[in-house]
Amino acid sequence: MAFAVLFLLFLSVPFSSAKLNPDYYSATCPDFAKIVRDQVFTKQSVVPATAAGVLRLFFHDCITDGCDASIFISSNAYTPHAERDADLNLSLSGDAFDLVIKIKNLLELTCPGVVSCSDIIAQATRDLIKMVGGPYFPVRLGRKDSLNSDASKVPASLPTPTMTMDDIINKFAARKFTVREMVALTGAHTIGFTHCKEFANRIFNFSPTSQVDPTLHPKFAEGLRHVCWNYTKDPSMSAFNDPRSPSKFDNAYFGNVLKGLGLLRSDYLLGADPRTRPIVEEYAKNEQAFFRIQFFFLLLARPTIVVNSILFLGIQYTHI
Ligand code: HEM
Ligand SMILES: *[C@@H]1O[C@H](CO)[C@@H](O)[C@H](O)[C@H]1NC(C)=O
Ligand SMILES: *[C@@H]1O[C@H](CO)[C@@H](O)[C@H](O)[C@H]1NC(C)=O
């Protein structure tokens, strides 16, 4: 009996996120940090959109079923409707996928079968945030990759720009994020860009009485109408998320939101809802407060602990 209990305890330890730690690979893959850092540096120098692309990819992976790299599984005989399919439709960046696959291949040559894709994307996101001006924070490692990926779960997990604040809060609460953490995480919209269709209803034919959403700063709305004028014919047209410092990871997003310079309806709501406005104001005034909450919370999102078989068998990259 005592033996059985001990055995169960032993089994349950690796399943707990408390086991994650920054030195997880120091013995089994000592070059892990260097390989990720070098690849991140090279890619970001050549393609400056990489940082935002990887950060968003990481977010989508984590919010769907924990940070388990399930987003990298391509549809195949065993997983006919992988998350990736839903996400590709939501225009995740191909450069972000490329970077993670490149690092994975290099690590498989250096220390085969050791490093999970979920740890690669976590570490790469941290390095990229730092490279574009954001905070540095230790990444706790030791996640395992999931074998499952289900596109049908994506719409239910992902927040969308037209949701109410109740819905947005609930989506994050489902992953154990508080309102404050949700606000900090959404500060990721300080980099990257958004396709016009995501906010077109705010700048064209908004209402019978107004072409544009009156909660938008009028000059900003005018600029966006200019940028997006042909978006129905050219769906690649897009605007910077943070018009003030589009490529720098800073707290400008929060100031924008309070001034009618938030691009998405959901960005506007963050500055308008009484539950989130005080937090937005705090981060707009104090960048360190925003940086301190860091991206720990995302990185700590529940990892799904399963052995790395599909990823290590390499099945999914032959399909990517
Ligand atoms: C209220 C919740 C959120 C909503 C409704 C939302 C929605 C969106 C939408 C619609 C886009 C534009 C996609 C495109 O046109 O290609 C976008 C971009 C982006 N989102 Fe969010 N998002 C939310 C929260 C987050 C969070 C928590 C993160 C990360 C921690 C994040 C990171 C990003 C990044 C980095 C981009 C730019 C991507 C790029 O330039 O490639 N978002 N978001
Ligand atoms: C993605 O878009 C394509 C083409 O519009 C569609 O056929 C497919 O069903 C979509 N996939 C998902 C998971 O929504
Ligand atoms: C609008 O976009 C379409 C698709 O890219 C392009 O063919 C067309 O020439 C554009 N219109 C003008 C006037 O540039």
Side-chain angles (χ1 to χ4, degrees), residues 44 47-64 67 87-99 121-122 124-126 128-129 132 134-135 154-155 157-175 177-202 224 226-242 246-249 253 257 262-273 275-276 279-280 290 293-301:
Q44 176 67 19
V47 185
T50 305
V54 172
L55 176 51
R56 182 158 187 255
L57 187 63
F58 185 45
F59 170 54
H60 282 212
D61 182 37
C62 294
I63 199 85
T64 304
C67 308
D87 279 297
L88 284 180
N89 285 0
L90 298 168
S91 56
L92 285 176
S93 144
D95 285 305
F97 281 100
D98 292 348
L99 174 62
I121 190 169
T125 302
R126 188 279 308 272
L128 284 161
I129 289 177
V132 296
V154 174
S157 315
L158 268 187
T160 65
T162 51
M163 276 177 185
T164 63
M165 189 46 70
D166 279 348
D167 283 343
I168 293 173
I169 289 173
N170 289 338
K171 294 280 175 231
F172 282 83
R175 292 249 69 86
F177 293 123
T178 64
V179 172
R180 173 174 283 272
E181 289 159 3
M182 181 275 284
V183 173
L185 287 170
T186 308
H189 289 174
T190 179
I191 54 173
F193 60 83
T194 291
H195 294 88
C196 294
K197 73 168 165 49
E198 303 289 351
F199 54 88
N201 62 337
R202 303 184 77 198
L224 291 176
H226 207 75
V227 167
C228 295
W229 71 276
N230 194 22
Y231 87 97
T232 51
K233 297 208 183 67
D234 181 357
S236 71
M237 286 185 150
S238 28
F240 287 127
N241 285 336
D242 169 4
S247 328
K248 187 160 188 289
F249 196 101
Y253 168 78
V257 157
L263 194 54
L264 302 172
R265 172 80 187 161
S266 50
D267 296 324
Y268 160 74
L269 282 183
L270 227 48
D273 190 283
R275 289 166 290 184
T276 49
I279 307 168
V280 170
F290 168 49
I293 195 162
Q294 299 172 332
F295 279 66
F296 270 139
F297 298 107
L298 188 54
L299 297 168
L300 289 176

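Excluded from the calculations below are hydrogen atoms, water molecules and symmetry mates; all remaining heavy atoms, backbone and side chain alike, are included. Since the structure is predicted, the reported quantities are computational estimates derived from the model, not experimental observations. One-based numbering, in listed order, for ligands and for the atoms of each.
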S.K.: Just which atoms of ligand 1 are under 4.0 Å from any heavy atom in Pro159?
M.R.: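 Answer, ordered by atom number: 2 (C), 3 (C), 5 (C).
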
S.K.: Given 3.5 Å as the limit, does a donor-acceptor pair link the side chain of Asp267 with the main chain of Leu264, or not?
M.R.: yes

S.K.: Heavy atom to atom 10 (C) of ligand 1, shortest distance: which of Gly53, Ala51, Pro161 holds it?
M.R.: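 Going through Gly53, Ala51, Pro161 one by one, Pro161 has the nearest heavy atom to atom 10 (C) of ligand 1.
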
S.K.: Distance under 4.0 Å to a non-hydrogen atom of Thr194: what atoms of ligand 1 satisfy this?
M.R.: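 Heavy-atom distances to Thr194 below 4.0 Å select 11 (C), 12 (C), 15 (O).
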
S.K.: Looking only at heavy atoms, is any part of Leu185 under 4.0 Å from ligand 1, and if so is it the side chain, the backbone, or both, or is it neither?
M.R.: both

S.K.: For Ser266 versus Ile168, what's the shortest heavy-atom pair and its separation?
M.R.: CB-CD1, 3.8 Å

S.K.: How does Trp229 reach ligand 3, if at all, at less than 4.0 Å between non-hydrogen atoms: by side chain, backbone, both, or neither?
M.R.: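 For Trp229, the contact with ligand 3 is made by the side chain alone.
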
S.K.: Check for a donor-acceptor pair, side chain of Asn241 on one end and backbone N or O of Thr190 on the other, with a separation under 3.5 Å.
M.R.: no

S.K.: How far apart are the closest heavy atoms of Phe290 and Ala184, and which atoms are they?
M.R.: CE1-O, 3.2 Å

S.K.: Between Asp166 and Arg275, does any side-chain N to carboxylate O distance fall below 4.0 Å?
M.R.: yes

S.K.: Ala52 versus ligand 1: do any nitrogen or oxygen atoms come within less than 3.5 Å of each other?
M.R.: no

S.K.: Any idea which protein heavy atom is nearest atom 2 (O) of ligand 3, and the distance to it?
M.R.: Asn230 ND2, 2.3 Å

S.K.: For atom 16 (O) of ligand 1, which of His195, Met182, Met163 has the closest heavy atom?
M.R.: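 Looking at heavy atoms only, His195 sits closest to atom 16 (O) of ligand 1.
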
S.K.: Pull out every atom of ligand 1 sitting under 4.0 Å from any heavy atom of Glu198, numbered as shown with elements.
M.R.: 10 (C), 15 (O)

S.K.: Considering all heavy atoms of both residues, which atom of Leu263 and which atom of Arg202 are nearest to each other, and what is their separation?
M.R.: O-NH1, 2.9 Å

S.K.: Are the side chain of Ser238 and the backbone N or O of His195 linked by a donor-acceptor pair below 3.5 Å?
M.R.: no

S.K.: Just need the protein heavy atom nearest to atom 4 (C) of ligand 3, so name the residue and atom and give the distance.
M.R.: Lys233 O, 3.3 Å

S.K.: Which is it for Phe59 and ligand 1 at heavy atoms under 4.0 Å: side chain, backbone, both or neither?
M.R.: side chain

S.K.: Which pair of non-hydrogen atoms, one from Tyr253 and one from Asp242, has the smallest distance, and what is that distance?
M.R.: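 Closest heavy-atom pair between Tyr253 and Asp242: N-OD2, 4.2 Å.
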
S.K.: Please give me the minimum heavy-atom distance between Thr276 and Leu269, naming the atom from each residue.
M.R.: OG1-O, 3.8 Å

S.K.: Evaluate Asn241 for polar contact with ligand 1, using N/O atom pairs at a separation under 3.5 Å.
M.R.: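 No: no nitrogen or oxygen of Asn241 is under 3.5 Å from one in ligand 1.
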
S.K.: Of all the atoms in ligand 1, which lie at a distance below 4.0 Å from a heavy atom belonging to Gly192?
M.R.: 37 (C), 40 (O)

S.K.: Measure from atom 43 (N) of ligand 1 to every heavy atom in Arg265, Glu181, His60, His189 and give the option owning the shortest one.
M.R.: His189

S.K.: Is a donor from one side chain sitting under 3.5 angstrom from an acceptor on the other, for Asp234 and Ser236?
M.R.: yes

S.K.: Over all heavy atoms of both residues, which pair between Phe199 and Ala239 is shortest? Give the atoms and the distance, please.
M.R.: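 Shortest heavy-atom separation between Phe199 and Ala239 comes out as CZ-CB, 3.8 Å.
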
S.K.: Please state which part of Lys197 comes within less than 4.0 Å of ligand 1, counting heavy atoms only: side chain, backbone, both or neither.
M.R.: neither

S.K.: Counting from 1, what ligand 1 atoms have a heavy atom of Thr160 closer than 4.0 Å?
M.R.: 5 (C)

S.K.: With a 4.0 Å heavy-atom cut-off (strictly under), which part of Leu264 contacts ligand 1: side chain, backbone, both or neither?
M.R.: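 For Leu264, only side-chain atoms sit under 4.0 Å from ligand 1.
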
S.K.: Using side chain to side chain donor-acceptor pair (under 3.5 Å) as the criterion, list what pairs up with Arg265, not counting sequence neighbours.
M.R.: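 Counting only residues at least two positions away or on another chain, Arg265 forms no side chain to side chain donor-acceptor pair (under 3.5 Å).
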
S.K.: Looking at atom 7 (O) of ligand 3, tell me if a protein heavy atom falls under 4.0 Å from it.
M.R.: no

S.K.: Give the residue, atom name and distance (to 0.1 Å) of the protein heavy atom nearest atom 5 (O) of ligand 3.
M.R.: Asp234 CB, 3.7 Å

